Undergrad: 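First, the structure itself, so that you have it in front of you.
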2 protein chains.
Amino acid sequence: MTEAVSRPTLEAVAALAGVSRATVSRVVNGGDGVREPLAERVRQAVAELGYVPNRAARSLVTRRHDAVAVVIAEPEARVFADPFFALQLRGISKELTAHDNQLVLLLTEGRDDHARVARYLAGGHVDGALVFSLHLDDPLPGLIHDAGVPTVFGGRPDWGDDPRAGRSAGVVYVDCDNRGGARAAVRHLVDLGRRRIAHLTGALDQTSAVDRLDGYREVMADVPGGADARLVVESDFTPAGGERAMRTLLDRCPDVDAVFAANDLTALGALRVLRESGRRVPEDVAVIGFDDMLPVTEQTEPPLTTVRQDIEEMGRLMARLLLHGLPGGRDRVALRADTPPDGGVILPTTLIRRASA
Amino acid sequence: MTEAVSRPTLEAVAALAGVSRATVSRVVNGGDGVREPLAERVRQAVAELGYVPNRAARSLVTRRHDAVAVVIAEPEARVFADPFFALQLRGISKELTAHDNQLVLLLTEGRDDHARVARYLAGGHVDGALVFSLHLDDPLPGLIHDAGVPTVFGGRPDWGDDPRAGRSAGVVYVDCDNRGGARAAVRHLVDLGRRRIAHLTGALDQTSAVDRLDGYREVMADVPGGADARLVVESDFTPAGGERAMRTLLDRCPDVDAVFAANDLTALGALRVLRESGRRVPEDVAVIGFDDMLPVTEQTEPPLTTVRQDIEEMGRLMARLLLHGLPGGRDRVALRADTPPDGGVILPTTLIRRASA
DNA sequence: TTGAAAGCGCTAACAT
DNA sequence: ATGTTAGCGCTTTCAA
């Protein structure tokens with residue numbers, strides 16, 4: 001690559017300021033134990049020369065990299081196109097940037113990449129990893145665990161039958177309260193007087209979909225006649241899937257009077273089919289989504305009641321946890337979040353009432 | 001961060017193989033000038049110890065980082081949620097991975113971040129940058145240029161009145177043939193016998209939207225009565241925008257018999273409104289999109305005729321250009337693409353005929 | 001073809 | 001409080 005004009009070194013700054021390299025280093029790294037007038041002279045020199053520390057040299061001695069890998073398993077393009085990731089990445093990026101850490105992006109698709117990623121992480125090029133492993137039975141969590149890198153997972157990982165699961169293995173993840181959010185949504189529908197409350201699930205190979213379904217079932221167990229299995233239709237978090245599922249549902253249970261969709265996009269599809277079928281929302285059928293993606297929920301007709309989760313904050317929290325909250329981290333962070341027994345951090349959800357329910 | 005168990009060093013490998021560090025280094029870096037039996041012994045030792053080179057130490061002496069920054073200006077969340085970026089990133093990731101380069105992701109929003117990014121790039125932490133600067137008058141390209149880092153832009157950047165523009169400044173960008181693709185689309189509509197051919201534009205603060213509009217105009221200039229300004233409705237690349245624009249269009253020109261939408265999402269919105277208005281596609285109104293996002297184009301009713309561009313390939317090409325094709329790069333790459341006079345590389349587009357036109 | 005040795009720029013332990 | 005110095009792990013002359 002192009003020969004960058006050689007940047008000024010500590011040496012140069014030291015010379016200009018008339019001090020030793022060590023002193024400059026101290027000032028650059030926070031300036032403890034350097035008397036003010038001297039420190040100021042150093043800062044001047046730094047500014048004058050436009051000095052920027054050489055990360056490689058620093059890493060070599062500190063054995064830290066100030067770099068974090070973000071691993072995104074992306075079997076389908078859809079996964080990434082999801083605004084979800086965009087928001088989470090944004091949160092991560094902000095937090096890392098604020099702490100002068102680099103974000104190294106690792107996209108994977110398929111087995112070969114898994115090995116590659118594992119090797120990379122084990123290679124010790126980054127201080128930690130933030131991993132999005134959405135799918136059940138994904139071998140990635142296990143591989144990464146074996147790599148011995150401090151890791152925070154985005155979303156509750158599925159460990160299947162793997163005995164290394166849970167806190168015992170030092171696993172940390174951040175998720176939103178999928179189950180609680182689902183319960184709140186369904187309870188709200190119950191409070192509205194609805195009884196034939198259906199659920200259009202998300203892709204059930206993802207823990208978030210499973211957890212939301214569980215929440216739905218918990219509440220429905222107490223609703224007379226609520227255990228009707230026909231009220232649950234499997235879908236996949238997409239608008240098209242929502243349409244299909246809603247058609248199936250109307251077919252099976254024309255008497256449905258409420259729908260809890262696994263996410264806003266699914267709700268979007270459901271609304272379309274409901275309108276098509278001549279049903280009024282919320283009069284005939286109440287609809288609730290999940291996520292509160294504003295571009296969706298505020299544009300629907302009628303505006304969508306939904307369960308809000310702060311996705312960007314999830315990302316930020318993942319990064320914060322990795323940087324400060326992990327064993328060996330610089331300090332512990334105070335969390336405003338639940339901490340379930342399995343090593344996760346669960347962010348709260350809020351029911352946002354709009355017109356659809 | 002956690003104290004990673006200290007990885008084996010060159011020294012260790014050398015000891016195990018019974019050779020000098022220099023020899024190990026040679027083998028690890030390609031193995032030129034090392035006799036085979038020896039080289040094999042070294043490889044054995046590397047494997048046995050699970051040796052992975054320390055990038056920091058290497059960078060310190062080579063002054064290369066094998067790292068590339070991907071800068072994404074993201075004023076709105078939407079920008080990132082676009083499948084477009086996902087695909088381009090994928091292409092970039094693949095190419096960088098294949099050459100053992102790290103992808104350092106830099107997300108920006110707003111002025112403060114610009115300065116930060118410029119500082120980072122100027123700081124010499126990466127060997128080059130891939131920059132997505134979608135919006136006209138974005139100061140980022142200028143700042144980055146000043147940072148003196150080898151850079152490839154994604155999409156034709158707008159240099160406004162900046163005199164540093166173009167090849168003179170060594171600017172390189174990769175784009176698809178927006179103008180040519182638009183021409184092909186409109187010509188196809190003309191060949192179909194359509195005369196009242198409308199264009200729903202993209203967000204006109206992006207060069208891709210401007211170029212597509214230009215292509216449309218070029219062809220329409222030769223169509224009798226084609227210069228009707230009312231046939232052009234400004235939109236914004238979104239389905240909702242497409243709906244709005246289509247309504248406006250039907251209002252202004254009820255006699256429209258063809259629509260060239262700036263992208264597939266816009267076409268999606270347009271199709272919806274056309275159906276609503278009782279018009280048949282393509283009998284009454286033919287519709288063409290742009291991008292060929294399969295999840296969209298294959299699912300519409302009817303399936304969407306569109307202009308395909310290979311987005312992932314654009315990303316891959318950007319990375320390849322940065323790694324091999326830039327002044328000072330390791331070697332020149334052979335391109336199957338046009339190279340316009342202004343320093344860009346333009347990938348071809350193809351008209352994909354489906355049922356909508 | 002292989003080895004010995006000199007740093008790359010920085011931090012941290014030790015001296016002062 | 002400041003300076004001196006010894007490496008961190010690697011590549012790269014230069015000698016053999």
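Please read these numbers as outputs of a predicted model, since none were measured by experiment. Chain letters run A, B, ... following the sequence lines, proteins first, then strands; residues in each count from 1. Only this structure's heavy atoms are used, side chains among them; waters, hydrogens and symmetry mates stay out.
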Undergrad: Hey, is the side chain of B:Ser20 poking within less than 4.0 Å of OP1 or OP2 on C:dA4, counting only N and O atoms?
TA: no
Undergrad: Using atom CZ of A:Arg64 as one end and atom P of C:dT11 as the other, report the distance to the nearest whole Å.
TA: 10 Å
Undergrad: Between C:dG7, C:dG9, C:dG3, which nucleotide has the shortest distance from any of its atoms to the side chain of B:Arg63?
TA: C:dG9
Undergrad: Whole Å only: how far is the NE2 atom of B:His125 from the C1' atom of C:dC10?
TA: 14 Å
Undergrad: Which of parallel (below 30°), tilted (30 to 60°) and perpendicular (above 60°) describes B:Tyr120 and B:His125?
TA: tilted
Undergrad: Grab the CG-P distance between B:Leu10 and C:dA4 for me, whole Å please.
TA: 14 Å
Undergrad: A side-chain contact here means heavy atoms from C-beta on lying under 4.5 Å apart; do A:Leu321 and A:Val174 qualify?
TA: yes
Undergrad: Under the 3.5 angstrom rule, does the side chain of A:Thr23 hit a backbone N or O of A:Arg21 as a donor-acceptor pair?
TA: no
Undergrad: Examine C:dG9: is either OP1 or OP2 under 4.0 Å from a nitrogen or oxygen in the side chain of A:Thr9? Give yes or no.
TA: no
Undergrad: Measure the distance from CZ on B:Arg41 to C1' on C:dT2 and round it to the nearest whole Å.
TA: 12 Å
Undergrad: Hey, does the side-chain of A:Arg21 have a donor or acceptor N/O within less than 3.5 Å of a partner on the base of C:dT11?
TA: yes
Undergrad: Here's a test of your reading of the structure: between B:Leu60 and B:Arg26, which maps to the more 5' nucleotide of DNA chain C?
TA: B:Arg26
Undergrad: Are A:Asn29 and A:Arg58 linked by a side-chain donor-acceptor pair shorter than 3.5 Å?
TA: yes
Undergrad: At a heavy-atom distance below 4.0 Å, which nucleotide of DNA chain D is the first touched by chain A, and which is the last?
TA: D:dA1 to D:dG9
Undergrad: Show me, pair by pair, the donor-acceptor contacts under 3.5 angstrom made by side chains of residues 110-119 of chain B, not counting sequence neighbours?
TA:
residue: B:Asp113; atom: OD1; partner: B:Arg116; partner atom: NH1; Å: 3.0
residue: B:Asp113; atom: OD2; partner: B:Glu109; partner atom: N; Å: 2.8

Undergrad: Does the side chain of B:Leu89 come within less than 4.5 Å of A:Leu105's, by heavy atoms?
TA: yes
Undergrad: Can you tell me the distance, in whole Å, between the CG atom of B:Asp32 and the P atom of C:dT2?
TA: 12 Å
Undergrad: Using atom CD of A:Glu11 as one end and atom C1' of C:dG7 as the other, report the distance to the nearest whole Å.
TA: 13 Å
Undergrad: State, with a plain yes or no, whether a side-chain heavy atom of A:Leu130 is found less than 4.5 Å away from one of A:Thr151.
TA: no
